[in-house]
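A short write-up of the structure that comes next.
Hydrogens, waters and symmetry mates play no part in the numbers below; they use all other heavy atoms, side chains included. The model shown is predicted, which means the values in this text are computed figures rather than measured ones.
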Amino acid sequence: MKRFFDAAPPKAPSPPPKADSTDRKLVVGHGIVVSGEIKSCDCLLVEGRVEADVSCRELKVVRGGLFMGTATVDNAEIIGRFEGQLNVRERLVIRASGSLAATVRYKQIEIERGGQLAGTVEAAGTADAARPLPREQRRSASVG
């Protein structure tokens, strides 16, 4: 018969998660305007207004946010407004309140009912997603 005090000692608790995040996240808050060039950013969250050339992994434009310029990203979620050129290497999501007026290249796209997409649009493979779109390929779509 095994008694409680004969059991194996409990394992040491795992160390707490690191307080410092390795993700480089830039949040442009409500009422803030940023213009220029943004690089070396893992995630850009636009709540205010950004007029820039951006290269990062994730782009999220929230309701009330506006992005104007050029963005090359792995994934994008548009809940607010995007105007300019958008190259998405993986997945583009346009939410119901999202509006995209741009030259767009993407690998995968999801548009919720009510989401708006206008401009030059091209589905591309992973290798093609960063290449600029030809001007003659123009399409416009609105879901809702």
Side-chain angles (χ1 to χ4, degrees), residues 2 4 7-144:
K2 191 172 190 177
F4 178 74
K11 291 183 180 180
S14 57
K18 291 175 110 179
D20 295 330
S21 174
T22 58
D23 287 343
R24 297 167 303 202
K25 183 175 186 178
L26 175 61
V27 178
V28 178
H30 295 283
I32 304 293
V33 177
V34 172
S35 62
E37 186 174 339
I38 301 170
K39 293 192 178 220
S40 301
C41 179
D42 288 333
C43 180
L44 173 61
L45 177 63
V46 180
E47 298 173 346
R49 181 179 174 143
V50 173
E51 298 174 11
D53 290 334
V54 173
S55 178
C56 63
R57 287 190 355 217
E58 306 288 328
L59 170 66
K60 184 172 184 177
V61 182
V62 301
R63 187 178 301 229
L66 170 63
F67 182 97
M68 297 175 69
T70 301
T72 300
V73 300
D74 290 342
N75 297 292
E77 182 177 15
I78 310 301
I79 304 168
R81 286 183 24 219
F82 184 103
E83 298 175 5
Q85 182 171 344
L86 178 59
N87 297 311
V88 182
R89 289 182 285 267
E90 292 299 324
R91 187 164 184 240
L92 168 60
V93 178
I94 303 171
R95 299 291 180 200
S97 61
S99 173
L100 198 90
T103 300
V104 181
R105 178 182 301 269
Y106 63 88
K107 183 176 179 185
Q108 299 174 356
I109 190 167
E110 176 184 335
I111 305 173
E112 288 184 347
R113 178 175 286 182
Q116 298 178 356
L117 171 60
T120 305
V121 181
E122 181 181 330
T126 306
D128 296 334
R131 160 175 80 76
L133 287 170
R135 291 181 186 221
E136 63 273 3
Q137 295 180 345
R138 299 188 184 272
R139 296 183 202 137
S140 179
S142 181
V143 178

Next on the checklist: Rounded to the nearest 0.5 Å, what separates atom CD1 in I79 from atom OG in S99?
Outcome noted: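 These two atoms lie 13.0 Å from each other.
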Next on the checklist: If I take atom CG from residue L86 and atom CD1 from residue I78, how far apart are they, to the nearest 0.5 angstrom?
Outcome noted: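 Result: 6.0 Å between the selected atoms.
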Next on the checklist: Consider side chain to side chain contact (heavy atoms under 4.5 Å, CB included). Of L92, N87, V88, which one does V104 pass it with?
Outcome noted: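 In the set L92, N87, V88, the residue that makes a side chain to side chain contact (heavy atoms under 4.5 Å, CB included) with V104 is L92.
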Next on the checklist: Before you tell me yes or no, could you show the steps for L117 and I109 under side chain to side chain contact (heavy atoms under 4.5 Å, CB included), namely the whole-Å CA-CA distance, both residues' side-chain angles and the distance that decides it to 0.1 Å?
Outcome noted: CA-CA 11 Å; L117 171 60; I109 190 167; 4.0 Å; yes
Next on the checklist: Please find the pair of heavy atoms, one from A102 and one from Q85, that lie closest to each other, and give the distance.
Outcome noted: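 Minimum heavy-atom contact is CB-N, 4.4 Å.
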Item to check | Minimum-distance pair of heavy atoms, taken over all atoms of I38 and L44 | outcome: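 For I38 versus L44, the nearest heavy atoms are CD1-CD2, 4.3 Å.
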Checklist entry - How would you list all residue pairs meeting ring-ring contact (aromatic ring centres under 6.0 Å, His included) that involve residues 60-85, not counting sequence neighbours? => result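 For residues 60-85: F67-F82.
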Next on the checklist: List the residues meeting side-chain hydrogen bond (donor to acceptor under 3.5 Å, both in side chains) with E47, not counting sequence neighbours, and say none if there are none.
Outcome noted: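 E47: no side-chain hydrogen bond (donor to acceptor under 3.5 Å, both in side chains) contacts found.
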Item to check | Counterpart residues, side-chain hydrogen bond (donor to acceptor under 3.5 Å, both in side chains), relative to E110 (two or more places apart) | outcome: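 Residues passing side-chain hydrogen bond (donor to acceptor under 3.5 Å, both in side chains) with E110: R91.
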Checklist entry - Is a donor on one side and an acceptor on the other found under 3.5 Å between the side chain of D42 and the backbone of R24? => result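 Present.
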Item to check | side chain to side chain contact (heavy atoms under 4.5 Å, CB included) between T72 and R89, worked out | outcome: CA-CA 8 Å; T72 300; R89 289 182 285 267; 3.0 Å; yes
Could you pull out every donor-acceptor pair under 3.5 Å between side chains of residues 48-61 and any protein atom, sequence neighbours left out?
residue: R49; atom: NE; partner: E51; partner atom: OE2; Å: 2.6
residue: R49; atom: NH2; partner: E51; partner atom: OE2; Å: 2.6
residue: E58; atom: OE2; partner: N75; partner atom: ND2; Å: 3.0

Checklist entry - Tell me, which pairs form a salt bridge (Lys or Arg N to Asp or Glu O under 4.0 Å) where one or both residues lie in residues 61-71, sequence neighbours left out? => result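 Matches after skipping sequence neighbours: none remain.
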Checklist entry - Going through the distances and angles, do V62 and L45 end up as a side chain to side chain contact (heavy atoms under 4.5 Å, CB included)? => result CA-CA 7 Å; V62 301; L45 177 63; 3.5 Å; yes
